[in-house]
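In what follows, chains are A, B, ... by sequence order, proteins preceding strands, each numbered from 1. What you see is a predicted model, and the numbers here were worked out from it, not measured in a lab.
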2 protein chains.
Amino acid sequence: MNKSGPRRGRRPGGPDTRVAILDVARRRFLEDGYHAVTLRSIAGEAEVDLALISYYFGSKKGLFGAALALGANPAEVLARVVAEGDLSTFPERVIRQVLAVWDDPVTGPPLLAMLKSAIDDDSLGGLVKEAVEREIVDRIAGLVQGREARQRAASFTTVVAGLIATRYLLRLEPIVSMTADEVVRFVSPQLRQALRGPGRPAPNARPAGRPAPSR
Amino acid sequence: MNKSGPRRGRRPGGPDTRVAILDVARRRFLEDGYHAVTLRSIAGEAEVDLALISYYFGSKKGLFGAALALGANPAEVLARVVAEGDLSTFPERVIRQVLAVWDDPVTGPPLLAMLKSAIDDDSLGGLVKEAVEREIVDRIAGLVQGREARQRAASFTTVVAGLIATRYLLRLEPIVSMTADEVVRFVSPQLRQALRGPGRPAPNARPAGRPAPSR
DNA sequence: CGGATTTATTCATCACGGACGAATTCTAGA
DNA sequence: TCTAGAATTCGTCCGTGATGAATAAATCCG
């Protein structure tokens with residue numbers, strides 16, 4: 001009966017609400033993906049009023065961004081891989097590292113969620129694109145050093161992107177069910193080939209043969 | 001004031017409603033992507049009552065599936081590519097075909113939208129995944145014929161997926177700005193390598209060096 | 001200490017989207 | 001012609017993200 005007590009207004013105690021929300025949000029987003037998660041469910045789980053989310057983060061996207069800003073950026077991972085070992089084993093090391101990170105149940109889902117949301121939201125996509133260009137392609141290009149380094153680095157990135165796309169985004173068989181060793185065995189030759197680059201630069205020399213099927 | 005006339009009920013004339021809906025739906029989905037399109041807007045544009053969509057297709061997803069079942073499926077494209085020419089030029093032909101379709105301002109965007117939609121909705125992703133496995137991987141596997149054909153076909157698919165992911169999904173430089181010829185030059189070696197497969201099966205032989213960074 | 005201000009919280013709604021069920025009317029088949 | 005089913009419309013439900021007003025605690029400042 002007691003309709004009582006102060007209902008509205010600030011509740012006593014320190015405002016750790018913000019981090020509570022962020023905490024729950026991060027976990028939920030990474031578990032279930034952006035669209036599947038509802039703000040109400042986050043608010044409920046964090047034992048917080050729905051409006052507080054808007055209050056602190058403005059919008060669902062804002063919350064998502066804030067939640068993802070925490071930890072796990074791929075650039076560091078690459079940096080580590082690049083740093084250790086020499087160029088001859090680079091492809092294998094990259095694949096193993098990619099698999100280690102993406103297969104890991106704690107680091108994988110965040111990356112996946114980030115990637116997915118970057119894909120369906122163009123503004124986020126732009127950020128990812130630039131980060132990848134700057135932190136990955138340019139870095140690899142610096143490594144390979146030779147003519148057409150940037151294109152070769154990009155080819156390399158393309159193959160890695162394909163691996164990620166098929167194994168984690170699309171979950172394509174038989175890629176998904178391959179062991180790490182198998183993936184290394186089947187994919188590293190392509191990476192190596194990419195680094196090596198196409199045979200002769202052939203700036204405009206078209207030896208003979210077909211003049212490139214004109215379309 | 002005449003509130004009049006028969007309002008409810010079946011309207012006279014042949015029921016071409018179903019295809020009308022499908023028509024609009026297809027275009028809209030491919031233009032704007034799954035989430036951005038609302039059933040109400042489709043109904044409006046098709047000059048049809050909202051409930052008719054449920055009536056005919058059950059749900060939004062049902063409509064999406066039905067809309068995509070129509071035409072422009074990549075399987076046919078592959079089939080055409082596979083049919084003509086011999087295996088030695090297969091990689092180049094695939095790349096050129098992929099570029100032709102995805103760069104085309106009329107066929108490209110639809111595919112892109114479809115892909116994006118499939119990525120952020122898992123149930124749709126499942127459909128795409130199965131289609132790709134069945135129509136692409138298995139088909140290529142049938143072509144290459146040899147040991148580990150399926151894995152080699154999958155590797156091939158991975159490289160193609162990478163190309164699509166970087167050039168169209170992520171729009172990564174310098175991939176996006178390459179001409180078709182450049183793409184062919186830089187990517188086809190990897191495709192060829194993928195078809196060839198890794199050198200020796202090497203079931204458990206690990207030459208020497210480090211025993212694969214254990215984690 | 002005591003008001004004024006800022007910060008945190010709750011409640012009440014809004015507008016919109018998808019889905020459904022009941023009612024209605026037309027078409028087709030016996 | 002009578003009747004079963006197909007096609008169509010309306011009204012409504014429920015869940016979603018977002019926002020504004022009201023309220024109360026915390027903080028600042030003299």
Side-chain angles (χ1 to χ4, degrees), chain A residues 2-26 28-29 31-68 113 117 120-121 123-124, chain B residues 2-25 28-29 31-67 117 120-124:
Chain A
N2 166 359
K3 65 142 36 142
S4 83
R7 275 275 216 327
R8 288 229 261 230
R10 184 168 187 165
R11 79 163 92 116
D16 45 350
T17 302
R18 200 193 134 93
V19 291
I21 294 173
L22 217 44
D23 220 33
V24 173
R26 178 171 166 74
R28 295 294 312 283
F29 276 140
E31 269 170 18
D32 306 329
Y34 184 78
H35 281 103
V37 174
T38 139
L39 289 188
R40 283 176 162 84
S41 79
I42 292 179
E45 196 170 329
E47 286 171 318
V48 144
D49 189 278
L50 170 63
L52 282 177
I53 297 183
S54 293
Y55 179 67
Y56 282 117
F57 305 97
S59 68
K60 190 180 184 181
K61 245 179 240 173
L63 176 59
F64 185 78
L68 285 198
S117 56
D120 82 351
D121 186 283
S123 59
L124 296 181
Chain B
N2 166 0
K3 67 146 28 143
S4 82
R7 275 274 216 327
R8 289 230 259 231
R10 184 169 188 164
R11 78 164 94 115
D16 46 350
T17 302
R18 199 192 135 94
V19 290
I21 295 174
L22 219 43
D23 221 32
V24 173
R28 296 294 312 282
F29 278 140
E31 268 170 18
D32 305 329
Y34 185 78
H35 280 103
V37 174
T38 130
L39 290 188
R40 284 177 162 86
S41 78
I42 292 179
E45 195 170 330
E47 287 171 319
V48 144
D49 189 278
L50 171 63
L52 281 176
I53 298 183
S54 293
Y55 180 68
Y56 282 116
F57 305 97
S59 67
K60 189 179 184 181
K61 243 176 251 174
L63 176 59
F64 184 79
S117 306
D120 82 352
D121 187 285
D122 281 351
S123 57
L124 299 180

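- When each of A:Ser54 and B:Tyr55 is assigned the nucleotide of DNA chain D bearing its nearest heavy atom, the one mapping closer to the 5' terminus is B:Tyr55.
- Comparing B:Arg40 and A:Ala51 against DNA chain C, the residue whose closest nucleotide sits nearer the 5' end is A:Ala51.
- For the pair B:Leu39 CG and C:dC20 C1', the interatomic distance rounds to 13 Å; values are reported in whole Å.
- Rounded to an integer number of Å, the gap from CG of B:Asp49 to P of D:dT12 is 15 Å.
- Comparing D:dT8, C:dC20, D:dG17 by their closest approach to the side chain of B:Thr17 singles out D:dT8.
- A straight line from CG of A:Asp16 to P of D:dA25 spans 17 Å, rounded to a whole angstrom.
- Rounded to an integer number of Å, the gap from B:Tyr56 OH to D:dA6 P is 11 Å.
- Between A:Phe29 and A:Phe64, the two ring planes are perpendicular [angle over 60°; tilted spans 30° to 60°].
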Next on the checklist: Applying side-chain contact (heavy atoms from CB on, under 4.5 Å) to A:Leu22 and A:Phe57, what does each step give before you reach the verdict?
Outcome noted: CA-CA 9 Å; A:Leu22 217 44; A:Phe57 305 97; 3.6 Å; yes
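- Here the CZ atom belonging to A:Arg28 is positioned 8.0 Å from the OG1 atom belonging to A:Thr38, to the nearest 0.5 angstrom.
- Atom CZ in B:Phe64 sits roughly 14 Å away from atom P in C:dG18 (whole-Å rounding).
- For the pair B:Arg18 CZ and D:dT8 P, the computed distance is 12 Å after rounding to whole Å.
- One can place CZ of B:Phe57 at 13 Å from P of C:dA19, the figure rounded to the nearest angstrom.
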Item to check | Step-by-step side-chain contact (heavy atoms from CB on, under 4.5 Å) determination, A:Leu39 to A:Leu63 | outcome: CA-CA 9 Å; A:Leu39 289 188; A:Leu63 176 59; 4.0 Å; yes
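- A:Leu50 comes within 4.0 angstrom of a base, heavy atoms only.
- Taking atom CG of B:Leu52 as the reference point, atom C1' of D:dT9 lies 8 Å away to the nearest angstrom.
- When each of C:dA19, C:dA8, D:dG17 is scored by its nearest atom to the side-chain atoms of A:Thr38, the top-ranked nucleotide is D:dG17.
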